[in-house]
Structures are given as C-alpha cells and as structure tokens.
Amino acid sequence: MTRPRTAVLTALLFALFALLAALTAGPSAAARAAEPPAVVLSQKEGGKGGTLTVSGSGWQPGALLMLLICGQGEPGKGVVGGTNSCANTDGRAATVDARGAFSSRLPVAEPPKPCPCVVHVAVVTGPRGAAAGTDTVDVAFTVAGHPTAPLPAATGDGRLAVLTSARLEGSSGVLVWFGAPARREVVVTVGNLGQNAVKDPVFEVGGRHGVLSPQYEEQQWRGTIQPGRKALVKLPVELTAGAHGDYRVSVRYGGKVLVEQPWAVGRPWGVTLFWLLLALVVPAALFRIGMAVVDRVRPPEARAPARRRRPRRGGTPAPASGPGPRPASADAPTAVLPWFTPDSAPSDNSPTTKGRS
C-alpha cells in the first residue's frame with residue numbers, strides 16, 4: 001500500500017510544479033508578445049568605412065530582417081522615397097532567434113540622399129514583428145561628413161503600383177444568357193510607393209472590345225494605403241447589354257494604366273433561341289387568325305352544305321317523314337351520275353358478269 005501512495009503523491013507534486021511553471025511563464029510570454037519591436041545602436045554617429053552593431057528585441061522568432069542606412073529619414077515619419085534613399089549595396093540581413101532578438105554588424109556607408117539619416121530595420125520574410133503589426137523600425141543615426149538638408153515637403157497623393165497579377169471574380173446569372181449586362185469584380189493588390197498616404201483613391205475601370213478604346217467609369221475604393229503598405233482592391237466592372245466576345249478590362253489610376261485583364265464573354269444564346277421561336281410562332285398565329293377571318297366572312301350556305309339522304313339497300317330512297325314533297329315515282333328518270341354520260345349510264349336490265357347463268 002505504501003508504494004501506490006508514494007507514486008500518487010509524486011504524480012501530484014509533478015502536476016503542481018508544471019502548473020506553477022505555466023502560470024509563471026504565461027505572463028512573461030504574453031508580455032513578450034505585446035512588447036513592440038525595438039532597435040538599439042552601439043553608437044549614434046559614425047564615418048564612412050566604420051561599423052556599428054545593431055541589436056533588437058521584441059521581434060517574431062524566425063523573421064528575416066533587412067538593415068540599411070538611409071537618408072531623408074526620421075523616426076516615426078519613415079524614409080522619404082523608400083529604399084531608393086538607402087545605401088542598398090552595403091545593407092545586411094539578420095535572422096531573429098527564438099527569444100525574438102537579433103544582433104548584427106552594419107558597415108557605415110553614405111546613402112544617396114542627404115541626412116537626416118536613420119538605420120532602417122524592416123521585415124523581409126517570415127512573421128511580422130510585434131503584436132501591433134509594426135514591421136519597420138527607424139533609429140536616428142548621423143553619418144559623419146555626409147551632407148545634411150531639410151526633409152522635402154510632403155507633396156502629391158502617393159504612387160500606387162500593382163504588386164500581384166489581377167484576376168476577375170464573380171459569375172454571370174441566367175439573365176446574361178438572354179442579353180443582360182455581364183458583371184465581374186477586378187481584384188488586384190496595389191502598394192503605395194510614394195511618401196504620402198493615399199486615402200479613398202479613385203480608380204478608372206473600363207472594358208474594350210477589339211481595337212476600340214475603353215470607356216472608363218470612376219470607381220472609388222474606400223480605405224487608406226499608408227506609404228510602403230499594400231492593400232487588396234476590388235473594383236466592379238460591367239459591360240453593355242448583349243456584349244459578347246473577347247474583352248479586355250483596364251484599371252487606370254492617375255492617368256496611368258495599372259493593369260489589363262482579358263475577359264471572354266459568352267454569346268447570349270437565349271436571344272437567338274427567342275428569335276427562332278418567334279419566327280415559328282408568329283406565322284402560325286397569323287395563319288390561325290386568317291383562317292378564322294375567312295370562316296366568318298364565308299356565306300352561310302357555303303359554310304354548312306346540305307346533307308344528302310342515304311338511299312336504302314334496295315335502291316329506293318327512304319320516304320321523308322313529315323310534311324314535304326313526296327318521293328319521285330319509279331317512272332321518273334333517274335339522275336345521271338356525273339362520271340357517266342346519258343348513253344353509257346348503267347340500267348337495271350343490263351347484263352352482269354355475276355348472278356346469271
């Protein structure tokens with residue numbers, strides 16, 4: 001009895017220690033997940049040819065980072081002109097370890113744009129850094145001997161560029177088979193390559209057939225695209241009624257065509273079927289109407305001809321019942337059939353081929 005009790009007590013102690021460890025590690029893990037990514041430099045100033053150590057914490061483990069020295073940049077405002085203002089050839093890459101930290105040596109180089117300069121750290125691939133969604137951090141740095149100039153004034157509405165191939169989504173209903181306008185949605189991912197945010201951009205969407213120029217219609221997309229960010233844009237497009245054949249859908253922004261997507265629209269065979277049925281039904285209806293009109297304008301005697309009485313088997317017609325003219329006697333001349341002449345009409349005394357010996 002002592003050994004089972006000892007085993008049970010040991011198992012309970014292990015479970016208690018595991019629970020305490022989970023409770024202790026839980027808040028620290030949550031704190032690390034909520035901690036924003038941070039970057040620390042070993043020095044704030046350096047000359048061309050020197051090196052500095054860039055360290056960081058609070059990044060997602062396994063992420064691949066890009067480290068650059070950029071001009072025309074300030075922390076919190078980003079880099080004017082994007083990576084075009086950075087010393088890309090002297091950049092370095094770093095991988096975040098399991099604790100969410102990294103450390104790398106970066107050579108000091110002169111960027112193509114004047115200072116104020118920053119050390120630009122951005123996620124290239126892998127999980128994004130920080131729970132808040134921040135994947136870029138800029139830290140102020142001074143390049144000794146490099147020209148300095150004020151930041152350019154913010155002008156323009158940003159520059160949008162297509163990052164992925166466009167596609168058409170949606171399907172046509174039954175009415176399109178009978179000539180209703182075909183509708184689709186153009187889905188494309190665009191990125192803001194400018195220095196300013198783009199808010200509620202207005203795109204121009206149009207479709208063209210053959211060599212004809214497209215007829216554009218303005219479509220406003222609701223949302224804001226920050227500099228260096230991307231967004232999935234869906235724009236509706238509609239063709240004219242009865243349109244069929246090979247079309248090309250174009251999306252234009254700022255007078256520049258961003259994307260063209262082919263669209264094969266099927267023929268509305270329901271319209272053809274309708275005209276075929278109409279070609280059969282209308283003549284039949286006109287014929288019935290014409291026959292009804294002819295039947296009404298025809299004289300009554302021609303409409304209902306007199307019925308002839310059927311003669312009896314012996315050859316003598318049945319007497320008429322009721323008042324009226326009496327039947328003709330046997331001496332009266334018989335009526336001559338129309339396909340016999342009076343001379344060749346058969347008589348009752350004429351010989352026959354049967355019945356006589």
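In this structure the side chain of Val123 never reaches within 4.5 angstrom of the side chain of Leu64, judged on heavy atoms. Two residues are said to be in side-chain contact when any heavy atoms from C-beta on lie closer than 4.5 Å; Leu160 and Ile225 meet this criterion. No side-chain heavy atom of Thr51 sits under 4.5 Å from any side-chain heavy atom of Leu106. Contact check for Leu239 versus Trp263: side-chain heavy atoms found under the 4.5 Å cut-off. In this structure the side chain of Val205 reaches within 4.5 angstrom of the side chain of Val249, judged on heavy atoms. At least one side-chain heavy atom of Leu232 sits less than 4.5 Å from a side-chain heavy atom of Val187. Side-chain contact between Pro236 and Arg183 is absent, with no heavy atoms from C-beta onward closer than 4.5 Å. Counting only heavy atoms from C-beta outward, the side chains of Thr142 and Cys115 never approach each other to under 4.5 Å.
Interatomic distance, Leu278 CG to Leu273 CG, rounded to the nearest 0.5 Å: 11.0 Å. In this structure, CZ on Arg184 lies 14.5 Å from NZ on Lys234, to the nearest 0.5 angstrom. Note: Asn192 CG to Lys230 NZ = 13.5 Å, rounded to the nearest 0.5 Å. The NZ atom of Lys113 lies 5.5 Å from the CD atom of Gln72; values are rounded to the nearest 0.5 Å. Atoms CD1 and NZ, from Ile69 and Lys48 in turn, are 11.5 Å apart once rounded to the nearest 0.5 Å.
Hydrophobic clustering (ILVMFWY, side-chain heavy atoms < 4.5 Å, transitive): Met291 and Val282 are in distinct clusters. Cluster membership for Val108 and Val54, using ILVMFWY side-chain heavy atoms within less than 4.5 angstrom, is shared. The hydrophobic cluster containing Val40 does not contain Val121, counting ILVMFWY residues as joined when their side-chain heavy atoms lie under 4.5 angstrom apart, directly or transitively. Linking ILVMFWY residues whenever their side-chain heavy atoms come closer than 4.5 Å, directly or via other members, leaves Val118 and Leu67 in distinct clusters.
Residues Arg92 and Ser104 have side chains that never bring a donor and an acceptor to within less than 3.5 angstrom of each other.
In this structure, Ala231 and Trp221 approach most closely via the heavy-atom pair CB-CH2, 3.8 Å. The minimum heavy-atom distance linking Thr136 with Ala122 is given by the pair OG1-CB, 3.9 Å. Here the closest heavy-atom approach between residue Cys117 and residue His146 is recorded as SG-CD2, 4.2 Å. Pairing each heavy atom of Glu110 with each of Gly145, the nearest pair is OE2-O, 4.4 Å. Thr53 approaches Ser103 most closely through the heavy-atom pair CG2-OG, 3.7 Å. Of all heavy-atom pairs spanning Pro116 and Leu151, the tightest one is CG-CD2, 4.0 Å.
Applying the side chain to side chain donor-acceptor pair (under 3.5 Å) criterion to Arg222, with sequence neighbours excluded, gives Gln220. Qualifying side chain to side chain contact (heavy atoms under 4.5 Å, CB included) partners for Pro181, counting only residues two or more places apart in sequence or in other chains: Glu238, Ala241.
Taking the six-membered ring where the residue is Trp, Phe102 and Trp59 present perpendicular rings, their angle passing 60° and hence far from 30°.
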If you apply the rule side chain to side chain contact (heavy atoms under 4.5 Å, CB included), what do you find for Val251 with Leu235, and how did you get there? CA-CA 9 Å; Val251 178; Leu235 303 171; 3.9 Å; yes

Given side chain to side chain contact (heavy atoms under 4.5 Å, CB included), test Val188 with Leu258 step by step and report yes or no. CA-CA 10 Å; Val188 62; Leu258 298 179; over 6 Å; no

Apply side chain to side chain contact (heavy atoms under 4.5 Å, CB included) to the pair Val186 and Leu168, showing each step before the final yes or no. CA-CA 5 Å; Val186 185; Leu168 294 175; 3.7 Å; yes

Could you go step by step and tell me if Val162 and Thr189 meet the side chain to side chain contact (heavy atoms under 4.5 Å, CB included) rule? CA-CA 6 Å; Val162 177; Thr189 301; over 6 Å; no

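Within the structure, every pair that satisfies the disulfide bond (SG atoms under 2.5 Å apart) test and touches residues 53-114, not counting sequence neighbours, is listed here: Cys70-Cys86. Screening residues 114-124 for side chain to side chain donor-acceptor pair (under 3.5 Å), with sequence neighbours left out, gives His120-Asp138.
Arg248 and Glu260 are joined by a salt bridge, as a carboxylate oxygen and a charged side-chain nitrogen come within less than 4.0 angstrom of each other.
When hydrophobic residues (I, L, V, M, F, W, Y) are linked wherever their side-chain heavy atoms come within less than 4.5 Å, the members clustered with Val257 are Tyr216. In this structure, Val281 stands alone, with no Ile, Leu, Val, Met, Phe, Trp or Tyr side-chain heavy atom under 4.5 Å from its own, directly or through other members.
The neighbour count for Glu218 CD, taken as heavy atoms of other residues, nucleotides or ligands under 6.0 Å away, does not exceed 12. Residue Asp246 places its CG atom among 12 or fewer non-hydrogen atoms of other residues, nucleotides or ligands, all under 6.0 Å distant. When the shell of 6.0 Å around CD of Glu185 is examined, it contains more than 12 heavy atoms from other residues, nucleotides or ligands.
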